[in-house]
Amino acid sequence: MVVEKAQDKLTPEGLKQVKLQLKRPLAANSRLQSFYQARSNEKVSIYYDYKSLEAAVFIPSKYFKEQEAFYKHAQYLMPDKDINYQPSLRSGIVYEYEKYNEKPYYWQTDGALSSGPFSFVYDANSGLDDYFNDFHLEFFDKKYIYSAGYLYSQHDNMLAPSGNIWGVSAVTSTRMMNPRFYRAYQTPFSLYLDNTYEVTISLRGKKLFSEVLPMGENIIDTSNFPPGRYSLDIEKKDLISGTVTKDTEMYYGARGQYNSFYSGFEVYAGYEAQHFGVASSERKPYVRVTNGYNFWDGEVDVSYIHGQDINFLGADYNFLTVETLDYGVSAYFSQYFDWYFGGDMTYRDGPYQYRAFVRNGYQDNDYQEGRQRSAGGSISYAEKPWTFYLNGTFQDIDDYTLSTSVAKAHQWYGYPVNFNLSNSYNGKEITALFSVRVALKRDAFSSGLSLSQNDRGVTQASLNADYVKPNYYVRQRYTQTTDKQSNDSYYADVGYQSSYGEVEANAYFAKENDQFESTSKGYAVKTNMLLTPSSISFSKDRFTQGFLVSLPYIDDGKDHIFTVDNKEYPHGENVFLRKSEFSEASVLVGLLTPEYSLKYNTDTHFFFPNNFFTIHPELSKSCFISFTVNLPSEGFYTIVGREDEVFGISGEVTTFQLNEGEKILIKDLTDESICDTGVAATCNSNHDELGQLRCKTITKPSGESIVPVPEQPKSEVQEQKTSDDTILGLDKKEVETVKHVIEQQAKAPETIKMYLVYALLHHRHT
């Protein structure tokens, strides 16, 4: 159908490209959030909506004989008009204090100062000697994102610098290849513990995860981990002795990043920088030029890299299907013909998932540590009541880790019981662990009892009790062990969270000489701030881009409720609505209070990353006004500004909701004339009855204004004929039709009301 409609308008090359794209599988596009991310101004593109089972083809104008757009949105990339962005500052703030830590104070912050297509981006924390992870200026053009400053590489390439570069970059805009919508999954991260530890996982000083974890196998939630390949810093703190063990582990996450139909171009140039203040001591230049191509149902990114005075040439290939298989490979060689390669694969088959990786390159992209070889894989099975997990990593013949975990869930007198058998093997020792856990939950209270025994005969019992409400929580854990070298311990944390942020306090106690003594205590404060010229807002959730709606407070002693995009909020609240970057969006604000009506200063807006638009709804006192009117001519009428409500029977009581001071201007929908009654709503009560109104003047569409002729009294015969035989000049059959339509429109939604009215007008004219 598309080819038939387009073939007369397209050039031969355009027709060839349309046929080629229609032969391609549509599965890769089904993950797109909206068609704004699904087209290119250079290539024929297809957007497939897997929910509605509809496909749309977008054809650039260069493929048309007359340089026209085949579809309405085919050319749309960004609005040509100026966009009313408000300058804004957003910042996430985390502050922690721990008394018995070597470095008791910790903070991290990230955010952006933005206005229109410009954003100044920053990311810093106290875990780095030089504090900063990122510090650069961005500019969003129609085709590229330009950056300049201290740029942090996300390690999308195995030979990217281990730190940052001081330099510049130009990357094809994400609205054309949008990697965010092509992350097929976040790779789970498994961590085996031989005791109960406070575990902190960081990337370049920024905490990604921090929690007290029990002995055995723990699967870490990686939803907040950034994409790419990088080394994670793992700290395990013993709750009793305070001893901290540090380790690093390579993380391979978020393959399937690119849209295989729209490959991107990017260039980075600058000096490698291990620290914010200066480039690396040797001031080594770094250059990376990458371009992507469609290849073999996927994308291949070909790159030239110059780093550490070595030249590299190679490619990264990624294949992606929606649910089953995802794999990628990388291969590079240097000017000295040294080879570096890596690859990873994920395959899903029902409850099974298989993962594998191999790498022969620089560990964590750090040239100074030299080439590192590693490989690994995992097998997982999850289908109630069984779960199984096997994970292995190999650095060398004697440097390997292999861990397994098997669990089965049961019900015991209505309470869930989980049995778990875990084993860990490495080049030095074998550790086995068997555990059983009973859990119960009732309303806000939950508790559990765990019993564990390792292969050395050490038994550990752990009892936890948690009380969690929407605004506060109390969590505590008591641990007792048969190991004479270990002491019993008690851990507790208390937190309060609201829509503005979160405050948490925690403490650890160890048993010494038959009494518990504090070994650690601290607190943390977390919030996110958004500042615009007209408002400031705090939230426990991170701000990205979207609408900030400042709902007015109505000081009349009542609890008023607003609706924002069909969700209810109390008056006086600041409501943030996240919207997707590089897309158009609008917001609907309403008020569930008849005493007031609402208007707000919003429109459809196109959002760049980190852009915000603030809405301050304006309130007007309103009331219901009832009146009758002798209509100057037959037809259908409304009040100007209230065109969704129509009346048309002369002398019948009509009711409208009007704002205080709003003039009653009656509009004839037949000839568009305006009747000025000279009356305005006063809203002395919730419902005012104005009686009979008359036209003071009538203004016709031409602008002519006339004073209506005073109404002449009708004879009894005329009155009888009007009431019995006709309404506005209609015969008896039409009278019944009009009455039926008016009755139905009173019950119908607004869009249907208008349809009925215009259908009836069309009937009368014809």
Side-chain angles (χ1 to χ4, degrees), residues 153-163 179 182-185 187 226-232 248-258 260 263-268 272 284 286-321 325-347 354-379 391-401:
S153 172
Q154 291 284 0
H155 303 283
D156 291 331
N157 185 289
M158 68 161 61
L159 298 176
S162 58
Y182 279 83
R183 296 173 189 166
Y185 55 87
T187 307
R229 312 174 183 92
Y230 45 82
S231 277
L232 293 171
T248 60
E249 187 164 336
M250 203 70 184
Y251 177 72
Y252 295 79
R255 290 293 300 176
Q257 294 182 58
Y258 297 104
S260 61
S263 304
F265 171 82
E266 59 185 45
V267 57
Y268 284 81
E272 293 187 28
K284 299 292 186 180
Y286 178 82
V287 176
R288 174 158 62 97
V289 181
T290 301
N291 196 35
Y293 302 91
N294 296 328
F295 178 72
W296 200 18
D297 292 331
E299 176 176 289
V300 60
D301 294 320
V302 180
S303 300
Y304 162 76
I305 299 173
H306 177 85
Q308 292 292 302
D309 293 333
I310 305 175
N311 295 293
F312 301 91
L313 186 64
D316 298 82
Y317 171 76
N318 180 63
F319 170 85
L320 174 66
T321 60
L325 177 66
D326 179 18
Y327 67 86
V329 294
S330 302
Y332 290 84
F333 66 93
S334 73
Q335 65 198 69
Y336 306 110
F337 295 98
D338 290 329
W339 284 89
Y340 307 87
F341 63 87
D344 58 274
M345 179 274 295
T346 297
Y347 176 73
Y354 307 88
R355 291 197 69 251
F357 71 87
V358 62
R359 183 180 178 88
N360 174 33
Y362 289 119
Q363 176 69 24
D364 190 24
N365 312 309
D366 196 337
Y367 302 100
Q368 288 79 3
E369 294 186 9
R371 183 182 299 185
Q372 301 290 325
R373 297 173 175 84
S374 61
S378 66
I379 303 173
N391 182 73
T393 58
F394 303 87
Q395 299 287 346
D396 206 339
I397 298 299
D398 297 326
D399 186 5
Y400 67 90
T401 300

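Side chains are part of it too, since the values below use all heavy atoms of this structure and drop only hydrogens, waters and symmetry mates.
Distance CG/Asn391 to OG1/Thr401: 9.0 Å, rounded to 0.5 Å. The line from CD1 of Ile379 to CZ of Arg355 is 12.5 Å long, rounded to the nearest 0.5 Å. To the nearest 0.5 Å, atoms CZ (Phe394) and OH (Tyr400) are separated by 8.0 Å. Annotation: the span from Tyr354 atom OH to Thr346 atom OG1 amounts to 12.5 Å, rounded to 0.5 Å.
Partners of Tyr336 according to the side-chain contact (heavy atoms from CB on, under 4.5 Å) rule, which considers only residues two or more places apart in sequence or in another chain, are Ile310, Ser334, Asp338. Under the side chain to side chain donor-acceptor pair (under 3.5 Å) criterion, Tyr347 pairs with no residue, sequence neighbours left out.
At least one side-chain heavy atom of Val289 sits less than 4.5 Å from a side-chain heavy atom of Val267. Counting heavy atoms from C-beta on, the side chains of Tyr304 and His306 come closer than 4.5 Å.
The two atoms that bring Val300 and Ala315 nearest to each other are CG2-CB, 3.9 Å, heavy atoms only. Contact detail for Ser374 and Phe357: the closest heavy-atom pair is OG-CE1, 4.0 Å. The shortest non-hydrogen separation linking Tyr286 to Gly307 is CD1-CA, 4.1 Å.
One N or O on the side chain of Gln335 and one on the backbone of Asn311 form a donor-acceptor pair closer than 3.5 Å.
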For side chain to side chain contact (heavy atoms under 4.5 Å, CB included), just list the numbers for Thr290 and Tyr268, CA-CA rounded to whole Å, side-chain angles, deciding distance to a tenth of an Å, and then say yes or no. CA-CA 9 Å; Thr290 301; Tyr268 284 81; over 6 Å; no
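Ring orientation note: the planes of Phe312 and Tyr340 are nearly perpendicular, at an angle over 60° on the 30°/60° scale.
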